[in-house]
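What follows is a single structure, written as structure tokens, with notes after it.
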Amino acid sequence: MKRLLFFVLTCILLVSCKNKQNQFVIEGDLTNAKDGLVRLALVDADDMVMLDSVKLKDGHFEFVVKAESDMEKNRLASPMLYQIILSYDNTMTTLAQGGDHITIQADAKDMITTYHVQGSEEAVLMGQLDSALTSFVKPAEEMYEVYMDNVENDSVREGIEQKYLEMLKNHKAYLTNFIKQHPNNMASYIAFYQNYNRRSFFTEDEDYDILRTLTMSLKEKYPNNPYIKNMVQRIEVLDVMKQKQ
């Protein structure tokens, strides 16, 4: 009897774990939030797909994303980018996969620069990247205003340009160290392609070695992830181009 009970409990536990892997939860609490909708979109390798929308209730929202088809189950098997949207210019993006329960706190006036996240390692690391970018962007924008106010002052402009180049160098060093510390984490994929004002901190040509090492590392862990498949294809193209040089 004891053996039968143990067997039944084990089966229930296995089914429960399997079901959890086929869904994830993203919930959050927003201060200064007005009544309205929050939307959730999947940032696919080639497109953005709206998945759901919910009404804010006292600043709280919750999305439960379940896999209903084999294609959706495969998608939830590895971290993907999901965007939380209050308006077209007030969004934030996180990483999630099956089994995750991610909680977010933010100011609804500016989610991307104020949010704090708990949950999966990927989501937490993604939050660290966004925080580091915010720390770069704020002084950069302040410097730009001073630059424009002194556009005819050569010495002021040169000083600002030197400071900005130093900031670029320091932020790229931060991202490089981030990737080295987390070579098997999808957040490092985001780190490599992070950009500001349409300017990337890395380039596929100059930073080829970093990109190739990261791609091979992530391919081993997430061979079926669409982002990684695209990265592998891109590496193959770069390899051919280098052979022709």
Side-chain angles (χ1 to χ4, degrees), residues 7-30 36-57 60-88 90-104 111 115 117-127 129-130 182 184-193 214-237:
F7 176 75
V8 171
L9 291 175
T10 301
C11 290
I12 293 174
L13 181 61
L14 289 173
V15 171
S16 176
C17 290
K18 184 176 181 180
N19 288 337
K20 286 183 179 180
Q21 294 305 310
N22 288 330
Q23 71 173 47
F24 66 80
V25 177
I26 299 178
E27 64 174 320
D29 289 287
L30 305 178
L37 291 177
V38 182
R39 295 175 174 82
L40 182 71
L42 165 68
V43 184
D44 206 344
D46 302 310
D47 198 4
M48 181 178 290
V49 182
M50 288 294 174
L51 298 179
D52 198 3
S53 63
V54 296
K55 289 185 177 181
L56 283 168
K57 185 176 182 181
H60 183 78
F61 67 87
E62 180 175 314
F63 294 103
V64 180
V65 177
K66 297 181 179 180
E68 303 294 345
S69 65
D70 288 341
M71 181 183 71
E72 292 173 345
K73 290 177 182 178
N74 290 334
R75 187 174 70 205
L76 263 61
S78 62
M80 297 286 288
L81 287 165
Y82 294 88
Q83 190 170 83
I84 299 164
I85 306 167
L86 277 181
S87 63
Y88 78 95
N90 191 6
T91 68
M92 61 155 289
T93 307
T94 191
L95 284 162
Q97 64 180 325
D100 286 349
H101 190 141
I102 297 169
T103 59
I104 296 164
M111 286 197 297
Y115 85 89
V117 62
Q118 293 180 315
S120 70
E121 182 182 16
E122 287 80 8
V124 171
L125 289 175
M126 181 81 177
L129 286 173
D130 283 333
H182 310 287
N184 300 312
N185 196 290
M186 194 66 72
S188 290
Y189 165 84
I190 308 303
F192 187 88
Y193 287 103
L214 175 61
T215 299
M216 295 303 105
S217 179
L218 289 173
K219 177 186 176 184
E220 185 175 346
K221 186 175 182 180
Y222 301 118
N224 297 316
N225 184 279
Y227 305 146
I228 307 309
K229 286 184 176 180
N230 278 6
M231 287 176 69
V232 170
Q233 291 176 358
R234 184 58 186 158
I235 286 293
E236 291 173 351
V237 171

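Scope of the values below: all heavy atoms of this structure, side chains included, with no hydrogens, waters or symmetry mates.
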* Asked: Are the side chains of Gln233 and Val237 in touch, meaning some heavy atoms are under 4.5 Å apart?
  -> no

* Asked: Does the side chain of Asn225 come within less than 4.5 Å of Leu218's, by heavy atoms?
  -> no

* Structure fact -> Separation between OG1 (Thr93) and CG (Leu129), nearest 0.5 Å, reads 12.0 Å

* Test item: Val65 and Asp52 side chains (from C-beta on) under 4.5 Å apart, heavy atoms -> no

* Please answer whether the main-chain N or O of Tyr227 pairs with a side-chain N or O of Asn230 as donor and acceptor at a distance below 3.5 Å. => no

* More than 12 heavy atoms from other groups under 6.0 Å of NZ on Lys221 -> yes

* To do: Kindly give the heavy-atom pair with the smallest separation between Ile26 and Ala96, and that separation in Å.
  => CD1-CB, 4.4 Å

* Between Phe24 and Tyr82, is a ring-ring contact (aromatic ring centres under 6.0 Å, His included) present by the stated rule, with each step listed? -> CA-CA 11 Å; Phe24 66 80; Tyr82 294 88; 4.8 Å; yes

* At what distance, to the nearest 0.5 angstrom, does NZ of Lys229 lie from NZ of Lys219? -> 11.0 Å

* Just jot down the side chain to side chain donor-acceptor pair (under 3.5 Å) partners of Ser217, sequence neighbours excluded, or say none. => Asn184

* When rounded to the nearest 0.5 angstrom, what distance separates CD1 in Ile84 from CD1 in Ile102? -> 8.0 Å

* Are there more than 12 heavy atoms of other residues, nucleotides or ligands under 6.0 Å from atom CD of Glu220? -> no

* Distance from Glu122 atom CD to Ile190 atom CD1, nearest 0.5 Å? -> 11.0 Å

* Asked: Taking Leu86 as the fixed residue, which of Arg39, Met111, Met92 is the one that meets the side chain to side chain contact (heavy atoms under 4.5 Å, CB included) rule?
  -> Met111

* Structure fact -> Those residues at least two apart in sequence (or on a different chain) that pass side chain to side chain donor-acceptor pair (under 3.5 Å) with Asn74 are none

* Ser78 versus Tyr222, closest heavy-atom pair with distance -> CB-CD2, 3.4 Å

